[in-house]
Trainee: 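Questions regarding the structure given below will be posed in turn.
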2 protein chains.
Amino acid sequence: MTPAPDRADRPPRPLTDYPRPSVAVDTALLTIVDGSLGVLVVRPANEPRGEWRLPGTFLHEGETLADAVRRSLAQKAGIHGIEPRQLHVFDDPARDDRGWVLSVAHAAATPAERIPAEPRTRVAAVDRLGELSPMKFDHDDIVRTAIARIRDDYAVRPDPWHLLRPGSGDADETEATTRTGAAGGADAAAEPAGSFTVLELRTLHEAVLGRPLVRDTFRRAMLPHLEPTGRVRRGTRGKPAELYLRA
Amino acid sequence: MTPAPDRADRPPRPLTDYPRPSVAVDTALLTIVDGSLGVLVVRPANEPRGEWRLPGTFLHEGETLADAVRRSLAQKAGIHGIEPRQLHVFDDPARDDRGWVLSVAHAAATPAERIPAEPRTRVAAVDRLGELSPMKFDHDDIVRTAIARIRDDYAVRPDPWHLLRPGSGDADETEATTRTGAAGGADAAAEPAGSFTVLELRTLHEAVLGRPLVRDTFRRAMLPHLEPTGRVRRGTRGKPAELYLRA
DNA sequence: GTAATAGTGTCTATTAGACACTATTCG
DNA sequence: CGAATAGTGTCTAATAGACACTATTAC
């Protein structure tokens, strides 16, 4: 934007002459817990019995909204490497009793292993959101909007928000993440970093969407967006599954 | 939003102790000109040779973003009755050389008859956007985002942004807006306010989408979302078309 | 071998588009 | 009546889901 001060041709006054709002960011950080979507909520230190809320902070000078989101998640929950997506600006002038505060709502996602246990944070299953409601401010709305957005994205593309465990980094070694086939030489059959089976992908999508998906239809819909690695998952029951990467 | 000042439990300082950005709104006002999408651009009075830009203004205290959009369109282009939709916050700290300015981009739409001719405004066809580029700030991006958004919405629903001439108001009486059938009593066959034919609706959607639509498929896709009025358009060639309202 | 899981062929129901046919008006 | 436009029946191609069949492993 950047309008002339008003209609008439007055000499421009510096921007600081006009009242300005505080700008905050609030983030619905989504993850998978117990096979379904969850959202990270926090309770501030000075209100140990207060309402749950989403992690947020005020935007600092010279800072990007995405950076403010990353800073708030790092500070309040020890979470790093987040790629936030803007949802909506909540602008009711009376929404915050401390003054004029706009909130830019964001959504983000990270695997549960990346969320450290902390005393004042909690991951709540989104189908049990009522147990926390009403959340502070308009945070219930933000969570609903975030869920709608991630479900929309997962309807078409494989894991667009990167909830599968990343190949690099310090992710815990769960079940069958890295294994070497019994046959063949040492790690000639090692799994490519970040690769996954179609079953893992479908299980993730079912968790995000909150409903079962048809096995063969899902595979056929996703294959065009996947790149075969030529490797297979070893050490499981049944026919070994092929490993894929996002195309 | 609405974080504790920082991690430690300091007594809260008033919000005004922290630096705050200016917040602006910029609006891509879309309309139909010559059978295709157009966008309203303005040139400020003090830069008659400068770059074209979208109408915008700074957010005033106690004001809603939507109200700021309406105020800027009324002031800069004499347009009223707009229902803006939020698109995205542009937050590059260096995007405005006058200082720290966030811009909340919006999209809106109105029939061309509602846009008065003014000296410093112009409606540019979006497929000739290159002729104005580069626009000031990130306004090219905003226009592109607005077009994507309106096209998305028009793919599924009949005229969701209300670009058809409204039934009430002072819209000019173009072609066949209100007519009385030759047969029957006086205005027993008058057209219900705001009703339209499927042809009018399809022509509008083709203009928005920028591509021709299949006649019968479009009708079958839209009929479930339309409410028949029982009246027909009179005074045209061929079989009279039924008049519908949005369901 | 059996159990288990991965991957695929194929049938069916649904839907978008193509196309042609019928319906109703004006002149 | 013919021209023009609205509205509809129906065929076809593409697609999602259902279902069953084959493939390949562990045990």
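All heavy atoms count here, side chains included; hydrogens, waters and symmetry mates do not.
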Trainee: Rounded to whole angstrom units, what separation is found between the CZ atom of Phe218(A) and the P atom of dA18(D)?
Mentor: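 So the two atoms are 15 Å apart, to the nearest Å.
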Trainee: Between Arg237(A) and Val198(A), which has a closest nucleotide on DNA chain C that is more 5'?
Mentor: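 The 5'-side residue here is Arg237(A).
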Trainee: What is the distance, rounded to the nearest whole Å, between atom CZ of Arg233(A) and atom P of dG7(C)?
Mentor: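 It works out to 11 Å between those atoms.
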Trainee: For the pair made of CG in Leu201(A) and P in dG7(C), what is the distance, rounded to whole Å?
Mentor: 12 Å
Trainee: Would you indicate which nucleotide in dT8(D), dT25(D), dA6(C) comes nearest to any side-chain atom of Lys239(A)?
Mentor: dA6(C)
Trainee: Just how far, in rounded Å, is C1' of dT5(D) from CZ of Arg219(B)?
Mentor: 11 Å
Trainee: Of Leu223(A) and Gly238(A), whose closest DNA chain C nucleotide lies nearer the 5' terminus?
Mentor: Gly238(A)
Trainee: CE of Met222(A) versus P of dG17(D): gap in Å, rounded?
Mentor: 11 Å
Trainee: Grab the CZ-C1' distance between Arg202(B) and dG17(C) for me, whole Å please.
Mentor: 14 Å
Trainee: Ignoring hydrogens, what is the shortest heavy-atom contact between Ala112(A) and Thr31(A)? Give both atom names and the distance.
Mentor: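 What the structure gives for the nearest pair is N-OG1, 3.0 Å.
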Trainee: Of Val104(B), Thr145(B), Thr27(B), which is the lone residue that meets side chain to side chain contact (heavy atoms under 4.5 Å, CB included) with Leu87(B)?
Mentor: Thr145(B)
Trainee: Do Arg220(A) and dG17(D) have a side chain to base donor-acceptor pair shorter than 3.5 Å?
Mentor: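 Answer is no: no donor-acceptor pair is held.
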Trainee: Side chain of Val214(B) only, heavy atoms from C-beta on: which candidate in dA6(C), dG17(C), dA4(D) is closest?
Mentor: dG17(C)
Trainee: Considering only NZ, NE, NH1 and NH2 on the basic side and carboxylate oxygens on the acidic side, decide whether Asp152(B) and Arg149(B) come within less than 4.0 Å.
Mentor: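 Between Arg149(B) and Asp152(B) there is no salt bridge, as every charged N stays at least 4.0 Å from the carboxylate O atoms.
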Trainee: Rounded to whole Å, how long is the line connecting atom CZ of Phe196(A) with atom P of dA6(C)?
Mentor: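 That distance rounds to 15 Å.
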Trainee: Scan His162(B), Met222(B), Arg157(B) and name whichever one has a side chain to side chain contact (heavy atoms under 4.5 Å, CB included) with Arg246(B).
Mentor: His162(B)
Trainee: For the residue pair Tyr244(B) and Arg219(B), what are the closest heavy atoms and their distance?
Mentor: OH-NH1, 3.9 Å
Trainee: Is Arg215(B) near enough to dG7(D) that one of its side-chain N or O atoms lies under 4.0 angstrom from OP1 or OP2?
Mentor: no
Trainee: To the nearest Å, how far apart are Leu213(A) CG and dA18(D) C1'?
Mentor: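 These atoms are roughly 15 Å apart.
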